[in-house]
Amino acid sequence: MRFDVLTLFPEIIESYCNVSIMKRAKEGAVFTLNTVNPRDYTEDKHKKVDDTPYGGGAGMVLMPQPYVDAYDSVEKLDKSITVMLSPQGEPLNENLVMKLADYNQIIMLCGHYEGFDERIREIIKPKEISIGDFVLTGGELPALCLIDAVSRKLNGTLGKIESAEDDSFSNGLLEYPHYTKPRDFRGYKVPEVLLNGNHKDINEFRFNQQLERTKLKRPDLYEKFKKEADL
């Protein structure tokens, strides 16, 4: 997988990908990261990439020339997809993450200020993706959410790929509770079923916990799962 990120603040993207699990995955060539700063492609002598909106209004709008030229500079691989991080986009969920993980390259456009000149959308025609119904100051955090989520689906990122398979939403339910040492902490004990070594009982316990947690915390997901599983 190759991630190409068009951003005015490449240090935000690069610093996150240089620590912990992401650093290990990048160094292990699970994915490669390339950041492109549209400011390097502006034709303005002051390196300006935004201007006031036609028609009036608050804020500054990102100009098409620096972004389109920066995008054109990116080498496009086979099976590539271009994504614009935008509150107007399709919600990022587990199903979409799995689809994105099948690509060889994800090119991401990170906005800032008041947003993109509409012609950037019209020329590049990206797939718009949102991480929620709220607005951030820039697209860097959503881009990192996408990079992190997709990377977890790639062989080599996690110690065991099963770790991702057991995540919340992987089977339509929230994840079951986890326990480690000590067995008894301030009177709170590890459930006995997890200590008996009977994997059939453990799996049944964990599945029931998933059902209970999802019903309590995300009744919408619970009803959807119940309908699809015909429970």
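Keep in mind that what you see is a predicted model, and the values were worked out from it rather than measured. We're numbering straight along the sequence, starting at 1.
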Are I147 and M22 side-chain neighbours, meaning at least one heavy-atom pair lies under 4.5 Å? yes

Does a side-chain N-to-carboxylate-O contact under 4.0 Å join R2 and E75? yes

Between M98 and L92, is there a shared hydrophobic cluster once you connect ILVMFWY residues whose side-chain heavy atoms come closer than 4.5 Å? no

Nearest 0.5 angstrom please: L141 CG to I131 CD1, how far? 7.0 Å

Does K226 pair with E223 as a salt bridge, N-O distance under 4.0 Å? yes

Interatomic distance, K153 atom NZ to L158 atom CG [nearest 0.5 angstrom]: 8.5 Å

Evaluate I107 against V83 for side chain to side chain contact (heavy atoms under 4.5 Å, CB included), listing each step before the verdict. CA-CA 6 Å; I107 304 170; V83 168; over 6 Å; no

Side-chain heavy-atom pair D148, I21 within 4.5 angstrom cut-off: no

So if you build clusters from Ile, Leu, Val, Met, Phe, Trp, Tyr with side-chain heavy-atom gaps below 4.5 Å, do V61 and M84 land together? no

Would you say the side-chain atoms of Y67 and D117 include a donor-acceptor pair closer than 3.5 Å? no

Non-hydrogen atoms of K76 and Y71 that approach each other most closely: NZ-O, 2.8 Å

Steps toward side chain to side chain contact (heavy atoms under 4.5 Å, CB included) verdict (L96, K127): CA-CA 12 Å; L96 181 53; K127 179 180 181 63; 3.8 Å; yes

Is the closest side-chain donor-acceptor distance between Q65 and D69 under 3.5 Å? yes

Which heavy-atom pair separates G111 from E140 by the least distance, and what is that distance? O-OE1, 4.3 Å

For S130 versus G89, what's the shortest heavy-atom pair and its separation? CB-O, 3.6 Å

Counting only heavy atoms from other residues, nucleotides and ligands, does the tally under 6.0 Å from CG of D78 exceed 12? no

Is there a continuous path of hydrophobic side-chain contacts, each under 4.5 Å between heavy atoms, that joins V5 to L136? yes

Please indicate whether K215 has more than 12 foreign heavy atoms, meaning atoms of other residues, nucleotides or ligands, lying under 6.0 Å from its NZ. no

F134, CZ: over 12 other non-hydrogen atoms inside 6.0 angstrom: yes

Of all pairs that satisfy side-chain hydrogen bond (donor to acceptor under 3.5 Å, both in side chains), the ones with a partner from residues 36-53, not counting sequence neighbours: Y41-S73

Run the side chain to side chain contact (heavy atoms under 4.5 Å, CB included) test on L194 and R206 for me, step by step, so that the C-alpha distance in whole Å, both residues' side-chain angles and the decisive distance to 0.1 Å come before the verdict. CA-CA 9 Å; L194 299 177; R206 286 175 168 171; 4.2 Å; yes

Are more than 12 heavy atoms from other residues, nucleotides or ligands located less than 6.0 Å from atom CG of D184? yes

Check the surroundings of atom OH in Y103: do more than 12 heavy atoms from other residues, nucleotides or ligands lie under 6.0 Å from it? no

I'd like to know if the side chain of T35 pairs up with that of E14 as donor and acceptor (distance under 3.5 Å, no hydrogens or angles considered). yes

Measure the spacing between CG of N171 and CZ of F225 and express it to the nearest 0.5 Å. 6.0 Å

How far apart are the closest heavy atoms of F205 and V193, and which atoms are they? CG-CG1, 3.5 Å

Under a 4.0 Å N-O cut-off, is there an ion pair linking K99 with E94? no

When clusters are formed by joining ILVMFWY residues with side-chain heavy atoms under 4.5 Å apart, either directly or through shared neighbours, do L174 and I202 land in the same one? no

Out of curiosity, E204 CD to Q209 CD, how far, rounded to the nearest 0.5 Å? 11.5 Å

Would M63 end up clustered with F116 when hydrophobic side chains under 4.5 Å apart are linked, directly or stepwise? no

Is any side-chain heavy atom of L8 less than 4.5 Å from a side-chain heavy atom of P38? yes

Would you give the length of the straight line joining atom CZ of F3 to atom CD of Q105, rounded to the nearest 0.5 angstrom? 10.5 Å

What do you reckon, is NZ of K23 surrounded by more than 12 foreign heavy atoms closer than 6.0 Å? no

Run the side chain to side chain contact (heavy atoms under 4.5 Å, CB included) check on L100 and L146 step by step: do they pass? CA-CA 9 Å; L100 292 171; L146 190 152; 4.0 Å; yes

Please determine if E118 and R121 form a salt bridge, counting it only when a charged side-chain N lies under 4.0 Å from a carboxylate O. yes

Let me confirm one number: the CG-CG distance from L109 to L62, rounded to the nearest 0.5 Å. 10.5 Å

Checking salt bridge (Lys or Arg N to Asp or Glu O under 4.0 Å) for the pair E122/R119: CA distance, chi angles, key distance, verdict? CA-CA 5 Å; E122 292 170 350; R119 290 165 292 184; 6.0 Å; no

